[in-house]
Amino acid sequence: MTYDYEYIKQRLAPCGLHCGKCFAFAQGDISKLSGELKGSLGNFDAYAERFVDMLGEPIFLKYPAFKAFLAHLSAGSCGGCRKEKCKLFKNCGVRPCIEKTGVDFCFQCHEFPCNKTGFDEHLHRRHVAINNRMKEVGVASYYEEVKDLSRY
Ligand code: SF4
Ligand code: SF4
């Protein structure tokens with residue numbers, strides 16, 4: 001399957017990070033799979049309590065916290081960086097910047113790598129590595145490389 005540029009742009013943020021694999025992304029695997037698991041577990045609450053004694057497995061006492069977390073993951077509602085302000089990197093300077101520079105991705109910008117991203121050292125390193133890779137192989141090939149990988 002080949003992916004068109006616009007589809008890829010909805011999943012790869014201008015900085016290159018993969019919104020499509022973010023837990024907060026509405027159309028992402030994490031949200032979708034969490035919703036499916038939530039549905040498959042159905043009314044597991046009552047069973048979890050029973051399984052503590054029945055199976056001698058205290059791990060089932062943790063089910064309420066797991067269920068709450070699953071509900072949180074399944075409710076991912078972000079439309080991605082090109083549609084709304086990132087919920088994770090509140091000081092991101094890339095999104096407002098590309099509105100001025102007009103590029104789709106930072107590697108296409110003549111200032112890359114720059115000091116306008118607002119990223120910490122760790123994220124800066126990822127930003128540079130991702131964009132160098134996109135520059136090297138092209139956006140479509142880069143997306144093929146990362147589309148099934150966890151971003152975490
Ligand atoms: S914009 Fe931020 S919060 Fe939204 S999907 Fe992308 S990385 Fe996640
Ligand atoms: S100036 Fe920096 S943050 Fe802005 S588009 Fe260029 S590389 Fe990205």
Side-chain angles (χ1 to χ4, degrees), residues 1-45 48 59-152:
M1 179 171 176
T2 52
Y3 299 90
D4 73 30
Y5 191 63
E6 286 309 310
Y7 175 92
I8 294 171
K9 270 174 57 188
Q10 295 316 309
R11 278 153 182 80
L12 294 183
C15 67
L17 280 177
H18 194 175
C19 284
K21 290 290 184 182
C22 174
F23 77 88
F25 190 55
Q27 312 297 324
D29 297 6
I30 293 178
S31 174
K32 179 173 164 279
L33 295 171
S34 297
E36 286 175 13
L37 180 53
K38 195 175 142 200
S40 293
L41 284 164
N43 299 313
F44 195 77
D45 308 65
I59 190 78
F60 286 97
L61 289 170
K62 298 181 187 290
Y63 183 67
F66 175 74
K67 183 184 173 187
F69 188 56
L70 199 58
H72 184 72
L73 291 180
S74 67
S77 61
C78 185
C81 186
R82 294 177 197 275
K83 290 200 176 141
E84 57 188 279
K85 195 170 186 297
C86 183
K87 294 171 171 63
L88 307 181
F89 307 113
K90 296 196 167 71
N91 296 325
C92 173
V94 177
R95 190 169 182 267
C97 189
I98 62 152
E99 284 168 14
K100 292 183 207 139
T101 59
V103 297
D104 290 332
F105 296 98
C106 282
F107 79 87
Q108 297 162 333
C109 170
H110 67 90
E111 289 186 59
F112 171 78
C114 72
N115 59 4
K116 296 180 183 171
T117 61
F119 295 160
D120 63 22
E121 202 181 318
H122 169 75
L123 200 51
H124 173 74
R125 276 200 301 274
R126 282 188 75 188
H127 175 242
V128 172
I130 288 170
N131 277 278
N132 279 336
R133 185 64 184 158
M134 280 202 280
K135 194 172 187 173
E136 186 183 352
V137 299
V139 174
S141 296
Y142 177 76
Y143 184 69
E144 285 291 340
E145 288 179 0
V146 300
K147 71 181 175 55
D148 298 320
L149 301 179
S150 170
R151 65 177 255 168
Y152 299 111

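Counting starts at 1 for both ligands and their atoms, in listed order. FYI, side chains are in, hydrogens and waters are out, and symmetry mates aren't considered; it's all heavy atoms of this structure.
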Might you point out which heavy atoms bring C22 and L88 nearest each other, and give the distance in Å?
SG-CD1, 3.8 Å

What residue and heavy atom of the protein are closest to atom 7 (S) of ligand 1, and at what distance?
R151 NH1, 3.5 Å

K85 and K90: which non-hydrogen atoms are nearest, and at how many Å?
NZ-O, 3.0 Å

Quiz item: cation-pi between R126 and F89, 6.0 Å / 45°:
no

For the ring pair H18 and Y143, is the centre-to-centre distance below 6.0 Å?
yes

Backbone N/O of L70 and side chain of S74: donor-acceptor pair under 3.5 Å:
yes

With a 6.0 Å cut-off on ring centres, are H124 and F119 close enough?
no

So the protein N/O/S atoms within less than 2.8 Å of atom 4 (Fe) of ligand 2 come down to C97 SG

E145 side chain reached by R133 side chain, heavy atoms, under 4.5 Å:
yes

Check step by step if side-chain contact (heavy atoms from CB on, under 4.5 Å) holds for Y5 and D104.
CA-CA 10 Å; Y5 191 63; D104 290 332; 2.8 Å; yes

Below 6.0 angstrom between ring centroids: does that apply to H127 and F112?
yes

Flag if over 12 foreign heavy atoms under 6.0 Å of NZ, K21
yes

Under 2.8 Å from atom 8 (Fe) of ligand 1, which protein N, O or S atoms are there? Could you list them by chain and number?
C22 SG

